[in-house]
2 protein chains.
Amino acid sequence: MAQKTTIEDVARIAGVSIATVSRALGKPDVVSRDTRDKVTAAIEQTGYTANAMARNLRRQKTRMIVVLVPNIGNPFFSEILAGIEEVATANGYNILIGNTDNDPVRENNFANFVQGNQADGLLLLNGRAPDGNGRAVKLPPLVVLCERIPDSELPTVRIDNDLAAQDAIRHLIELGHRRIAQIAGPPVNILTVDRSRGAARTLQAAGLDADVVVNGDFSIASGAAAMRELLRRTEHPTAVFCSNDEMAMGAIQEIKAAGLTVPGDISVIGFDDLTFAEVYDPSLTTVHQPRRLIGETAMGVLVDILAGKPAPTEPIVLGAELRVRASTGPAPV
Amino acid sequence: MAQKTTIEDVARIAGVSIATVSRALGKPDVVSRDTRDKVTAAIEQTGYTANAMARNLRRQKTRMIVVLVPNIGNPFFSEILAGIEEVATANGYNILIGNTDNDPVRENNFANFVQGNQADGLLLLNGRAPDGNGRAVKLPPLVVLCERIPDSELPTVRIDNDLAAQDAIRHLIELGHRRIAQIAGPPVNILTVDRSRGAARTLQAAGLDADVVVNGDFSIASGAAAMRELLRRTEHPTAVFCSNDEMAMGAIQEIKAAGLTVPGDISVIGFDDLTFAEVYDPSLTTVHQPRRLIGETAMGVLVDILAGKPAPTEPIVLGAELRVRASTGPAPV
DNA sequence: CTGAAAGCGCTTACAG
DNA sequence: CTGAAAGCGCTTACAG
């Protein structure tokens with residue numbers, strides 16, 4: 001790679017000091033028209049671009065945001081990321097995406113980016129605040145998305161999972177279902193805990209059995225496996241509430257494989273409203289999460305915090321709504 | 001935020017020079033055991049993390065890679081990104097994802113990151129090399145993924161789209177289909193050009209009409225619209241080759257809506273093999289792109305280039321294979 | 001094995 | 001309006 005042009009080169013060619021070049025770039029109105037033209041010409045000639053590292057080191061900030069995602073291969077995150085990215089760019093920030101695989105070590109490595117002044121703030125999609133690998137850490141400016149970190153007061157943007165689950169169950173009850181099962185996520189997952197709690201409460205309020213729960217791991221395959229287990233029971237449920245869309249698709253696959261129909265024999269509800277939920281066959285009744293908006297909002301909050309505004313003390317709860325489509329129908333008689 | 005700990009603080013507490021602290025961190029074996037312990041203790045006490053910007057400025061590199069993606073909301077990219085990320089991390093690089101929305105201005109902004117020494121290299125998923133907004137640029141170390149940039153010799157990792165399309169069409173012909181249509185992408189898109197060319201050539205070789213092509217924009221909706229148009233013709237095709245999975249799903253949706261069946265009346269082939277292709281109903285026959293491998297390979301090539309090895313002069317072509325599933329079947333009699 | 005010093009490429013008070 | 005100089009926090013020859 002050819003030697004990079006520095007501010008020094010530009011200054012020499014323009015016949016001015018480096019301070020003047022810097023000013024011509026940063027606050028042009030402070031520089032005389034004549035000088036400015038010389039500098040512009042020199043920049044043009046050399047193709048100079050300021051070294052951002054040097055600038056940042058001097059300015060003590062980076063305009064960079066680290067986004068921690070447990071699994072970037074999961075389509076649930078991509079639209080949230082797009083929302084984050086949009087607001088970030090609009091405010092002159094760039095985003096750095098860190099794939100953590102739920103590995104605390106990797107999470108801390110990325111968080112160190114912020115500690116190491118490589119980034120100004122953190123966006124957490126992984127449901128866990130960095131703990132400094134056991135070493136004490138002062139948390140950098142951050143916002144938590146989607147997840148809820150218990151016993152913390154970190155700024156948070158999310159939906160009300162409990163409430164959304166209640167809506168879903170109510171929909172099934174209104175359709176006449178009495179035997180309603182759940183395919184939930186891993187029991188340690190706070191999202192699933194909230195969703196199951198909301199579902200259970202609504203079932204109990206209606207005098208129905210709330211204990212038919214099989215746990216999966218959010219994957220399509222685990223949804224299928226869970227459904228298989230439910231079908232083994234002599235009196236299988238007539239409706240299933242799944243903690244995400246992938247598991248719902250796996251469940252539907254399995255129901256069809258068993259020679260039953262959706263929603264004729266069994267109704268299925270998902271959660272998230274992925275892009276593919278609507279084109280699935282049957283198109284999936286599911287809880288719509290405003291994913292893009294979640295990303296936009298969270299990034300907006302972080303921008304405010306970085307601008308010195310006080311962080312919101314209450315979680316920002318965005319609306320989620322049940323999208324009724326073709327995978328749910330009246331309970332079979 | 002409290003004042004950050006610097007190397008100076010650590011040095012003072014440990015009672016050594018900053019040079020020694022730096023060495024204790026970077027090449028511990030050069031430092032005496034005794035001194036090393038003192039430094040370690042001071043670091044422990046202060047929670048010191050080196051300022052990466054200062055280090056990078058000094059070292060003149062960043063260990064950061066910029067990945068340009070046209071649309072991060074598209075699930076096609078997420079698995080490629082996961083592959084990139086994995087190899088990057090394994091080699092001590094971090095990745096910065098830039099969402100370009102196919103906007104050349106944004107592409108150049110991100111590319112400037114590399115010019116501005118904020119990143120060491122570039123990974124291009126957007127099918128276009130930065131042009132410096134008209135200003136001359138010397139391209140940074142980069143690798144092109146999936147796409148093919150005509151008239152350039154940039155290092156490239158991709159599949160053979162032409163060949164893959166041939167396989168797909170051959171599969172349909174073997175099933176007895178004679179009226180085979182294409183739902184292609186935007187005519188300017190090089191991917192679609194290659195795929196259409198391969199398809200057309202195979203059709204012609206079999207003495208079939210290769211001119212039944214409707215263009216979409218890779219979205220589900222455009223696939224549906226294209227299919228609607230094909231169905232309007234009195235003699236609609238018995239098989240459709242789509243340039244990606246989303247359009248294939250849109251097409252299938254439309255076929256079902258018209259009261260026809262897949263593959264009973266019309267067979268449909270997609271391209272890419274997204275995660276959801278397999279659970280779609282009918283599960284989609286499609287061309288499998290080894291997306292994770294593409295990401296891993298490209299990042300590997302970039303690591304080599306950054307390590308000073310010569311860039312590959314020939315494109316690296318990875319195998320794509322037709323996954324025959326339930327959306328294709330014998331031509332109706 | 002260790003320290004003093006130069007220098008990475010900028011920005012920004014401070015003088016003039 | 002402009003320049004000389006300090007300094008951001010490191011790393012790394014160079015001496016000792």
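Letters go in sequence order (proteins before strands), and every chain restarts at 1. Just so it is clear, the model here is predicted, and its values are computed rather than measured.
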K.L.:
CG/L302(A) to CD1/I65(A) distance, rounded to the nearest 0.5 angstrom?
P.N.:
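If we round to the nearest 0.5 Å, L302(A):CG and I65(A):CD1 are 4.5 Å apart.
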K.L.:
Measure across I159(B) and P290(B) and return the closest heavy-atom pair with its distance rounded to 0.1 Å.
P.N.:
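That would be CG2-CD, 3.9 Å.
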K.L.:
Can you give one letter per nucleotide of nucleotides 11-16 of chain C, 5' to 3': B if a protein heavy atom sits under 4.0 Å from the base, S if only from the sugar-phosphate, - if neither?
P.N.:
BBB---
K.L.:
Rounded to the nearest 0.5 Å, how far does SG of C146(A) lie from CG of L191(A)?
P.N.:
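It is 7.5 Å, given to the nearest 0.5 Å.
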K.L.:
Checking salt bridge (Lys or Arg N to Asp or Glu O under 4.0 Å) for the pair D194(A)/R148(A): CA distance, chi angles, key distance, verdict?
P.N.:
CA-CA 10 Å; D194(A) 288 351; R148(A) 181 167 73 75; 2.9 Å; yes
K.L.:
Only counting residues at least two apart or in another chain, list the ones meeting salt bridge (Lys or Arg N to Asp or Glu O under 4.0 Å) with D304(A).
P.N.:
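Once residues adjacent in sequence are excluded, the partners of D304(A) under the salt bridge (Lys or Arg N to Asp or Glu O under 4.0 Å) criterion are K309(A).
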K.L.:
M53(A) CE to dC10(D) C1': how many Å, rounded?
P.N.:
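Answer to the nearest Å: 11 Å.
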K.L.:
Drop me the distance from N126(B)'s CG to I149(B)'s CD1, to the nearest 0.5 angstrom.
P.N.:
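These two atoms lie 7.0 Å from each other.
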K.L.:
How many Å lie between CZ on R12(B) and P on dG3(C), as a whole number?
P.N.:
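Nearest whole value for this atom pair: 15 Å.
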K.L.:
Between P on dC8(C) and CG on N51(B), what's the gap in Å once rounded to a whole number?
P.N.:
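One finds 18 Å between P of dC8(C) and CG of N51(B), rounded.
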K.L.:
Run R292(A) and E86(A) through salt bridge (Lys or Arg N to Asp or Glu O under 4.0 Å) and show every step you take.
P.N.:
CA-CA 10 Å; R292(A) 190 173 191 102; E86(A) 184 193 315; 2.9 Å; yes
K.L.:
So which one's nearest nucleotide on DNA chain C is more toward 5', L57(B) or D34(B)?
P.N.:
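Between the two, 5'-proximity favours D34(B).
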K.L.:
Can you see if the side chain of Q60(B) gets near the phosphate of dG7(C) - specifically, an N or O under 4.0 Å from OP1 or OP2?
P.N.:
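Q60(B) to dG7(C) OP1/OP2: no side-chain N or O under 4.0 Å.
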K.L.:
With a cut-off of less than 4.0 Å, is there a side-chain N or O of S17(A) near OP1 or OP2 of dG3(D)?
P.N.:
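Answer is yes, contact under 4.0 Å.
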K.L.:
Closest approach of D9(A) and T5(A), non-hydrogen atoms and distance?
P.N.:
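Scanning both residues, the minimum pair turns out to be OD2-CA, 3.3 Å.
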K.L.:
If I pick the P atom on dA13(D) and the same atom on dG9(D), what distance separates them, to the nearest angstrom?
P.N.:
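Pairwise P distance, dG9(D) against dA13(D), rounds to 23 Å.
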K.L.:
Given dC8(D), is OP1 or OP2 found less than 4.0 Å from the side-chain N or O atoms of T6(B)?
P.N.:
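Result: no.
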K.L.:
Should stems be defined as at least three consecutive Watson-Crick or G-U pairs with both distances under 3.5 angstrom, which of them involve DNA chain D?
P.N.:
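Counting only runs of 3 or more consecutive pairs, the stems involving DNA chain D are C:1-3 with D:14-16, C:5-12 with D:5-12, C:14-16 with D:1-3.
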K.L.:
I'd like the P distance from dA6(C) over to dT2(C), given in whole Å.
P.N.:
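Each nucleotide's P atom is 23 Å from the other's.
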K.L.:
Round to the nearest Å and state the distance from D29(A) atom CG to dC1(D) atom P.
P.N.:
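That distance rounds to 9 Å.
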K.L.:
Taking atom CG of N56(B) and atom CG of D120(B), what is their separation to the nearest 0.5 Å?
P.N.:
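Output value for this atom pair is 8.0 Å.
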K.L.:
Please give, in whole Å, the distance from dC10(C) P to N56(A) CG?
P.N.:
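Atom CG in N56(A) sits about 12 Å away from atom P in dC10(C).
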